[in-house]
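Each chain gets a letter, A, B and so on, in the order its sequence line appears, and its residues count up from 1.
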Number of protein chains: 2
Amino acid sequence: MRVLKTSLLAVLLVLLATPVYAGETEQRRFPVPQTVSPELRELIGGRPFPFWNVHPQNAAEWNTFVETIADAVKTGLPQLQEQMQVTVTPGTVAGVPVFTVAPRIPQPENTQRILLHFHGGGYVLNPGEAGTPEAVLMAGFGGFTVLSVDYRMAPDFPYPAALDDAMAVYRELLKTVPAENIGVFGSSTGGGMTLALALRAKKEGLPLPAALAPGTPWTDLSKTGDSYYTNEGVDNMLVSYDGWLADAAKFYAGEHDLKDPLLSPVYGDVTGFPPTLLTSGTRDLFLSNTVRMHLKLRQAGVFADLIVFEGMSHTQYHMNPNAPETRFHFTELAKFFHKHLE
Amino acid sequence: MRVLKTSLLAVLLVLLATPVYAGETEQRRFPVPQTVSPELRELIGGRPFPFWNVHPQNAAEWNTFVETIADAVKTGLPQLQEQMQVTVTPGTVAGVPVFTVAPRIPQPENTQRILLHFHGGGYVLNPGEAGTPEAVLMAGFGGFTVLSVDYRMAPDFPYPAALDDAMAVYRELLKTVPAENIGVFGSSTGGGMTLALALRAKKEGLPLPAALAPGTPWTDLSKTGDSYYTNEGVDNMLVSYDGWLADAAKFYAGEHDLKDPLLSPVYGDVTGFPPTLLTSGTRDLFLSNTVRMHLKLRQAGVFADLIVFEGMSHTQYHMNPNAPETRFHFTELAKFFHKHLE
């Protein structure tokens with residue numbers, strides 16, 4: 001993680017010198033809570049994500065933005081894989097690039113099970129192996145084999161490309177693994193895709209996965225939901241809807257309505273969904289995205305569980321593998337999948 | 001409810017003319033979310049609770065404060081009881097005044113079960129029948145018989161008077177009802193007491209209730225926890241720790257440490273607790289009080305469920321019996337108790 005931090009710092013210095021990345025912070029400051037671990041305190045007390053307010057103006061600027069962050073993430077991967085004792089194998093499923101992330105010591109009860117993973121990044125960030133850290137943590141802490149999908153992204157490939165890739169992999173998987181043995185998870189955009197996949201599988205008459213674990217899912221791509229306002233400038237990861245995120249939503253949606261249920265699953269019909277565990281934090285810009293979905297699931301009679309981390313901004317439960325909150329999060333997910341997968 | 005509102009308005013006008021009640025509002029304004037019911041929108045968009053920053057200076061001023069609010073609440077009770085189709089019968093259990101709140105049409109599956117209720121109000125507010133509205137909603141929406149405890153309060157009776165009364169009633173109840181048939185619930189201070197009762201029952205070697213449902217519980221009487229800061233002025237019910245609430249904490253604690261687990265249950269050892277359902281809202285000043293407790297319970301291996309309402313400030317799920325969120329809340333509690341009580 002130190003490696004990751006150092007490289008992020010280097011990237012930050014380069015990018016802060018580039019006018020397009022010079023965003024305003026507008027952060028509302030509060031004391032760092034003492035009610036969380038020292039590791040999480042460090043994240044909560046950290047400066048806002050330096051790129052939250054970038055607005056790339058053309059393909060070249062998007063590429064620079066995406067590649068800079070991907071490079072920083074990838075620098076930390078070998079150490080993370082070592083610490084988590086997992087192997088990462090690239091491949092393709094139904095023509096879609098994937099990474100199979102497996103514990104070095106397989107857990108016997110999980111040999112017939114598989115978790116499908118969709119990474120976060122607003123449908124624009126974290127291509128290739130940069131999308132795998134969360135899958136690595138899940139395989140490491142949870143002992144599951146994880147198939148992490150390197151889906152196509154905006155601006156080059158708008159909706160429904162990402163979801164088409166997700167569905168192609170899921171359909172292929174169903175040929176050899178019963179739906180009862182498949183769990184799906186992911187954070188932020190990956191959480192939104194987890195829910196959108198279930199909506200579309202239902203629509204297409206496919207069997208639904210046995211369980212879903214969307215972490216702080218992007219369930220509403222429009223700026224609708226209370227915490228987009230109340231946690232604006234409180235969350236130090238996303239900071240505001242009106243940064244790069246708003247651009248990403250538009251690029252991904254293209255001609256489609258931002259509130260189409262397959263883009264914003266909170267508007268979907270979730271009747272008959274499998275058990276679902278959602279995660280968020282009290283400072284999370286997506287707290288409302290999370291709790292609105294949770295309430296909607298429960299109102300539809302779905303078994304829906306919720307964890308809200310104290311003081312936490314968006315996705316900080318997978319930022320530091322040494323934080324006890326990280327271990328707790330992935331252990332809770334593992335327990336949940338153990339309970340609901342055949 | 002219209003009656004209740006009208007009388008609250010009258011009370012407000014009287015009290016705003018009294019210098020001791022003229023608090024600063026310091027409210028941070030955000031748009032009223034459209035992601036909740038019209039009834040809840042009205043509550044979220046309402047002015048801050050006019051008494052949030054009162055600081056009564058002597059017994060007479062406390063009495064005026066307490067009685068004014070109690071009178072306003074009591075004015076609305078007959079209509080609420082009628083709407084909820086319940087009967088309310090005063091009595092005593094182990095010398096402690098209680099109200100038995102029962103559905104007019106008893107539900108056969110609940111005849112052997114009882115719910116113990118502790119009202120909110122910072123250990124100072126809602127004496128007598130003013131403490132019963134939440135019990136009325138639970139009996140009405142859930143079909144349970146509820147025993148609502150009119151425990152002694154500060155400043156006249158500091159800790160442990162309230163908890164002693166709670167324990168006396170629980171101990172007496174155990175003589176005729178098995179613990180497996182008893183559920184305990186309450187909001188705010190009532191949620192804190194629900195948890196403190198379980199801690200003390202455990203300490204005294206008594207059997208624990210079958211299930212607990214603390215709503216936005218006051219689990220930390222000290223100003224510790226992130227949302228005391230991040231939701232200050234966002235929550236329009238409590239508004240801030242530093243209003244009447246801080247005084248109430250000191251009056252109740254007396255010579256005792258605010259962080260004593262029987263005053264602030266988040267510091268207690270919750271191993272072996274029964275299934276627990278917690279409720280809060282995204283704007284709730286007690287959001288951290290709620291999620292810290294939830295995390296602590298899960299870390300101890302307790303089955304702990306969580307509902308966080310979109311856009312909601314402190315305890316607004318029991319402010320308007322016509323809000324769909326109110327029905328949802330009490331229906332969820334009823335399902336939970338049905339599942340976990342014998």
If you look at every heavy atom in [X] and [Y], which pair is closest and at what distance?
X         : Y         : result
Arg298(A) : Leu306(B) : NH1-O, 3.8 Å
Ser288(B) : Thr282(A) : OG-CG2, 4.4 Å
Ile307(B) : His294(A) : CA-CE1, 4.2 Å
Phe30(B)  : Tyr229(A) : CE2-O, 3.4 Å

Best-contacting candidate, Val32(A), Val266(A), Thr290(A), Thr35(A), against chain B by heavy atom pairs under 4.5 angstrom: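 Among Val32(A), Val266(A), Thr290(A), Thr35(A), the one with the most close pairs to chain B is Thr35(A).
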
Do Glu310(B) side-chain atoms and Asp226(A) backbone N/O form a donor-acceptor pair below 3.5 Å?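 Present.
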
Would you indicate whether Arg327(A), at its atom CZ, is surrounded by more than 12 heavy atoms from other residues, nucleotides or ligands within a distance under 6.0 Å?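 For Arg327(A), atom CZ is not crowded (no more than 12 foreign heavy atoms under 6.0 Å).
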
Checking Phe309(B) against chain A: side chain, backbone, both or neither under 4.5 Å from a heavy atom?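 Contact with chain A involves both backbone and side-chain atoms of Phe309(B).
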
Segment of Glu332(B) engaging chain A (4.5 angstrom heavy-atom cut-off):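 It is the side chain, since no backbone atom gets that close.
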
Arg283(B) CZ to Asn231(A) CG distance, which is reported to the nearest 0.5 Å: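 Spacing of CZ (Arg283(B)) from CG (Asn231(A)) equals 10.5 Å.
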
Measure the CG-OG1 distance between Asp235(B) and Thr230(A) for me, rounded to the nearest 0.5 Å.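 Going from the CG atom of Asp235(B) to the OG1 atom of Thr230(A) covers 11.5 Å.
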
If you count heavy-atom pairs under 4.5 Å between each of Ser227(B), Ala304(B), Pro31(B) and chain A, which one has the most?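 The answer is Pro31(B).
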
Which of Thr331(B), Val308(B), Asp220(B) touches chain A most, by non-hydrogen pairs under 4.5 Å: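 That would be Val308(B).
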
Go through it in stages, so that I can follow the logic: the residues are Asp305(A) and Asp305(B), the test is side chain to side chain contact (heavy atoms under 4.5 Å, CB included), and I'd like the CA-CA distance, side-chain angles, deciding distance and then a yes or no. CA-CA 7 Å; Asp305(A) 199 0; Asp305(B) 199 0; 3.8 Å; yes

